[in-house]
Amino acid sequence: MRTVKQVNLEHLKILLQTVHPEHDHLFSVVMLAFITFNVVTENELADELRLSVPTIKRWVRGKNLPHRSIRPPIHKFLSDKLDNLSRQS
C-alpha cells in the first residue's frame, strides 16, 4: 500500500513533467506545489539559486516570474529533489 507521501510525490512528478519551464502562468504553481508538499523550502530554493528569499516568495505567489533563463535550473533542482525523495520512500 502506498503512503500519502508517495502519492504526493507521484503527483508532483507528473506535474513537473507536464509543465514546461516556458509556461509562465504554471511555473509559479509548480513551485508553490513543491513548497506546499514540503519537497523544498523557499530558503532552499534561494540558497540553490543564490537569490534572496523575498525574490522566491514573489515567484511562488505569482507576483513576479523567474526569468526564462533561470527556469531550467529551477526545474532541474526540483526534479533532483523529487528523485532523491522517491528513492528514500
Side-chain angles (χ1 to χ4, degrees):
M1 182 175 217
R2 297 182 306 171
T3 66
V4 171
K5 181 179 178 181
Q6 290 169 326
V7 171
N8 288 341
L9 291 176
E10 289 171 16
H11 288 141
L12 287 173
K13 188 171 190 168
I14 292 167
L15 177 65
L16 191 62
Q17 291 170 346
T18 304
V19 176
H20 190 275
E22 297 285 323
H23 295 145
D24 288 344
H25 62 286
L26 294 176
F27 204 76
S28 292
V29 173
V30 170
M31 289 191 295
L32 178 60
F34 273 72
I35 290 167
T36 300
F37 288 107
N38 298 315
V39 172
V40 67
T41 66
E42 291 168 339
N43 287 341
E44 286 178 292
L45 269 173
D47 289 345
E48 177 68 21
L49 301 169
R50 296 185 181 132
L51 297 168
S52 70
V53 173
T55 296
I56 302 299
K57 287 180 186 243
R58 284 191 298 273
W59 292 350
V60 170
R61 292 186 180 114
K63 292 185 179 181
N64 291 1
L65 289 169
H67 190 273
R68 289 180 190 262
S69 67
I70 200 164
R71 292 182 199 175
I74 295 169
H75 196 273
K76 176 151 179 29
F77 176 69
L78 296 176
S79 180
D80 290 348
K81 288 290 282 188
L82 257 186
D83 288 344
N84 290 337
L85 286 173
S86 295
R87 283 189 216 115
Q88 293 172 5
S89 297

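S28 approaches G62 most closely through the heavy-atom pair OG-CA, 3.7 Å. Taking each heavy atom of F77 and E44 in turn, the nearest pair found is CZ-O, 4.3 Å. P73 approaches I70 most closely through the heavy-atom pair CD-O, 3.0 Å.
With contacts defined as side-chain heavy-atom distances shorter than 4.5 Å, the pair R61/K57 qualifies. Using a 4.5 Å cut-off on side-chain heavy atoms (C-beta onward), M31 and I56 make no contact. A 4.5 Å side-chain heavy-atom check between L49 and W59 finds at least one atom pair inside the cut-off. Within the 4.5 Å cutoff, the side chain of T55 has heavy atoms near those of the R58 side chain. Residues L78 and V40 meet the side-chain proximity criterion, which asks for heavy atoms closer than 4.5 Å.
A distance of 10.0 Å separates CG of L85 from CG of N38, quoted to the nearest 0.5 Å. Summarising the geometry, atom CZ belonging to F34 is positioned 6.5 Å from atom CG belonging to L15; distances are rounded to the nearest 0.5 Å. For the atom pair NE2 (H11) and NZ (K13), the distance works out to 13.5 Å, reported to the nearest 0.5 Å. Residue S52 holds its OG atom at 10.5 Å from CG of N43, rounded to the nearest 0.5 Å.
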H75 and V30: CA distance, side-chain angles, deciding distance, side chain to side chain contact (heavy atoms under 4.5 Å, CB included) verdict: CA-CA 9 Å; H75 196 273; V30 170; over 6 Å; no
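Cluster membership for L16 and L65, using ILVMFWY side-chain heavy atoms within less than 4.5 angstrom, is not shared. Cluster annotation: L32 is connected to F27 through the hydrophobic network of ILVMFWY side chains, with a link wherever side-chain heavy atoms come within less than 4.5 Å. Note: the hydrophobic cluster containing I35 does not contain V29 (ILVMFWY, side chain heavy atoms under 4.5 Å, direct or indirect links).
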